[in-house]
Amino acid sequence: MSKKILLGVTGGIACYKSVHLCRLMVKAGCDVRVIMTPAACSFVTPLTFQAITGNRVYTNEFEAGVEPEMIEHVHLAGWADDFIIAPATANIIAKIAHGIADDLLTSTVLPYKKPIRIAPSMNLDMYANPVTQKNLSLLASLGHDLIDPNTGEMACRTEGKGRMAEPEEIFDYVFCAEKPLAGLKVLVTAGATSEPIDPVRFISNRSSGKMGVAAARKAQSLGAEVTLVAGSVSVNLDGLNVVKVQTALEMLEAVKKEIESTDILVMAAAVADFRIAEYSDTKIKKTDENEMTIRLVKNPDILKEIAPLKKAGQVFAGFAAESDNLAANARKKLNEKNLDMIAANDISRSDIGFGTDENELTVFFRDREAVNTGKVPKEKAAETILLLAKEVHGKKNGSV
Ligand SMILES: Cc1cc2nc3c(=O)[nH]c(=O)nc-3n(C[C@H](O)[C@H](O)[C@H](O)COP(=O)(O)O)c2cc1C
């Protein structure tokens with residue numbers, strides 16, 4: 001490996017991890033140049049990075065005379081094959097999102113022409129702050145490559161999401177990022193369908209769409225061409241190819257339209273079993289009656305409906321939210337819906353599943369042992385499911 005890497009280091013506690021990341025890259029044969037913000041220099045010294053990289057460390061935009069023939073930030077931006085910012089503070093994320101260039105690092109970001117790998121690192125409340133989330137969405141929509149932070153214990157002695165990904169994870173993400181799903185089309189459904197009663201009311205369910213959206217994002221980062229059919233979701237969809245739907249019938253139509261060209265289908269949406277029998281075009285008025293009856297009719301089961309359209313080489317993966325008899329119920333659905341695999345989660349547990357960031361899934365197959373993902377972030381669970389689906393696809397298509 002002989003890549004020219006620009007490593008931006010900003011002022012967060014995780015600077016010490018960045019030293020290790022830098023070492024991993026140097027050991028792998030990369031030529032690493034480090035740009036540190038003034039705040040980063042309060043956490044670790046430039047000398048540390050200089051000793052590891054064997055290169056001068058860049059800290060000052062206005063330092064005269066070091067390499068007088070070139071303008072540093074423009075030169076560095078053109079020099080690098082890859083640009084990683086780790087740790088990325090809330091501050092640098094905000095600055096990049098808004099085109100601010102007030103130090104050497106941010107001035108180098110603007111002329112850099114490729115996506116930048118950004119590893120956010122901050123306290124859980126800073127990370128969850130809607131402004132930070134908006135800025136991250138903006139960066140994702142601009143095509144930058146966000147390396148999701150981990151959930152866990154923080155330096156500020158709280159626990160939550162915001163810990164920078166481990167150096168090995170960042171290294172693997174950047175350098176070993178095989179694209180195992182390259183060339184495959186993945187169709188994902190996510191979120192809750194909502195079934196209108198009248199123009200202002202509807203029935204729906206508590207699905208946040210996090211699991212399905214995580215699957216769509218992960219499939220994309222693993223190289224697949226992804227279409228996401230999304231009902232109501234509480235997470236950001238920037239950067240994804242999305243078909244928005246409201247009702248189960250609309251979701252069915254969208255899936256039918258896409259299924260022909262799909263290699264792997266991941267049905268993670270929480271589709272309403274019933275819809276309103278008589279939709280009212282006008283808002284239903286309150287009357288003097290003490291009771292009101294709304295008649296429901298059954299919605300089609302999307303997986304059952306599309307089962308006859310399934311081609312030999314396609315892989316259909318479903319989800320089952322179960323509160324009891326997890327294995328028996330999941331296997332029943334696997335067979336009834338002609339699925340290749342089904343990921344079942346235990347919704348009686350409050351620490352995983354609906355609305356949470358973590359999940360523990362047991363994946364059942366037709367002809368192999370079930371696989372348990374352990375309790376992991378939904379992104380990780382999504383990765384496990386996708387890689388298993390890829391294996392099944394390979395088997396079906398004779399490439400394994
Ligand atoms: C002890 C300490 C730890 C900090 N850790 C973080 C952090 O992990 N993430 C973050 O976004 N900001 C953190 N900050 C705040 C940043 O250092 C501050 O916002 C600074 O302006 C960032 O500048 P920079 O983005 O130019 O490096 C920390 C500050 C202190 C004093």
Side-chain angles (χ1 to χ4, degrees), residues 5-22 32-50 52-53 56-63 72-73 76-77 80 83-112 115-140 142 144-170 173 236 357 377:
I5 306 292
L6 207 47
L7 174 63
V9 183
T10 65
I13 293 283
C15 278
Y16 76 94
K17 290 191 189 174
S18 188
V19 174
H20 183 44
L21 171 64
C22 185
V32 185
R33 306 276 163 106
V34 178
I35 304 179
M36 298 177 74
T37 62
C41 298
S42 301
F43 289 85
V44 290
T45 66
L47 190 61
T48 308
F49 285 107
Q50 182 181 301
I52 288 175
T53 61
R56 175 184 152 225
V57 172
Y58 303 82
T59 53
N60 182 356
E61 192 172 10
F62 302 106
E63 200 174 352
E72 209 105 79
H73 60 275
L76 286 169
F83 193 170
I84 305 167
I85 301 183
T89 55
N91 180 53
I92 189 105
I93 287 165
K95 288 206 274 187
I96 299 174
H98 297 282
I100 293 169
D102 64 352
D103 59 18
L104 182 59
L105 181 56
T106 44
S107 300
T108 310
V109 163
L110 280 182
Y112 186 73
I116 299 174
R117 327 283 198 147
I118 296 170
S121 168
M122 65 202 73
N123 152 279
L124 74 163
D125 294 322
M126 290 174 90
Y127 184 72
N129 188 300
V131 175
T132 306
Q133 287 301 313
K134 258 197 169 157
N135 289 333
L136 286 167
S137 297
L138 202 51
L139 294 183
L142 292 168
H144 292 300
D145 205 357
L146 301 180
I147 304 174
D148 217 29
N150 290 335
T151 301
E153 201 187 319
M154 309 221 143
C156 53
R157 292 165 197 86
T158 51
E159 206 166 315
K161 187 164 181 172
R163 266 174 72 95
M164 188 176 87
E166 294 305 314
E168 288 80 3
E169 288 175 310
I170 299 176
Y173 184 87
N236 193 284
D357 290 327

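Quantities reported herein were computed from a predicted structural model and do not represent experimental measurements. Whatever order the structure lists ligands and atoms in, that order sets their numbers, starting from 1.
Summarising the geometry, atom CG belonging to Leu7 is positioned 13.0 Å from atom CZ belonging to Arg117; distances are rounded to the nearest 0.5 Å. One distance of note links CD1 of Ile85 with CG of Asp145; it measures 12.0 Å at 0.5 Å rounding.
Judged purely by atom type and a 3.5 angstrom limit, Thr132 has no side-chain atom pairing as donor or acceptor with the backbone of Tyr127. Listed for the Thr108 side chain is no donor-acceptor partner under 3.5 Å among the backbone atoms of Ala77. Checking side-chain atoms of Lys95 against main-chain N and O of Thr106 turns up no donor-acceptor pair under 3.5 Å. Using modelled atom types, one side-chain atom of Asn135 and one backbone atom of Val131 make a donor-acceptor pair closer than 3.5 Å.
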Just the distances, no angles: every ligand 1 N or O to protein N or O pair closer than 3.5 Å, one line each.
| from | atom 1 | to | atom 2 | distance (Å) |
| --- | --- | --- | --- | --- |
| ligand 1 | 9 (N) | Ser121 | O | 2.8 |
| ligand 1 | 11 (O) | Ala90 | N | 2.8 |
| ligand 1 | 17 (O) | Gly11 | O | 2.6 |
| ligand 1 | 23 (O) | Asn91 | ND2 | 3.4 |
| ligand 1 | 25 (O) | Thr89 | OG1 | 2.6 |
| ligand 1 | 25 (O) | Asn91 | ND2 | 2.9 |
| ligand 1 | 26 (O) | Asn91 | ND2 | 3.3 |
| ligand 1 | 27 (O) | Gly11 | N | 2.7 |
| ligand 1 | 27 (O) | Thr37 | OG1 | 2.7 |

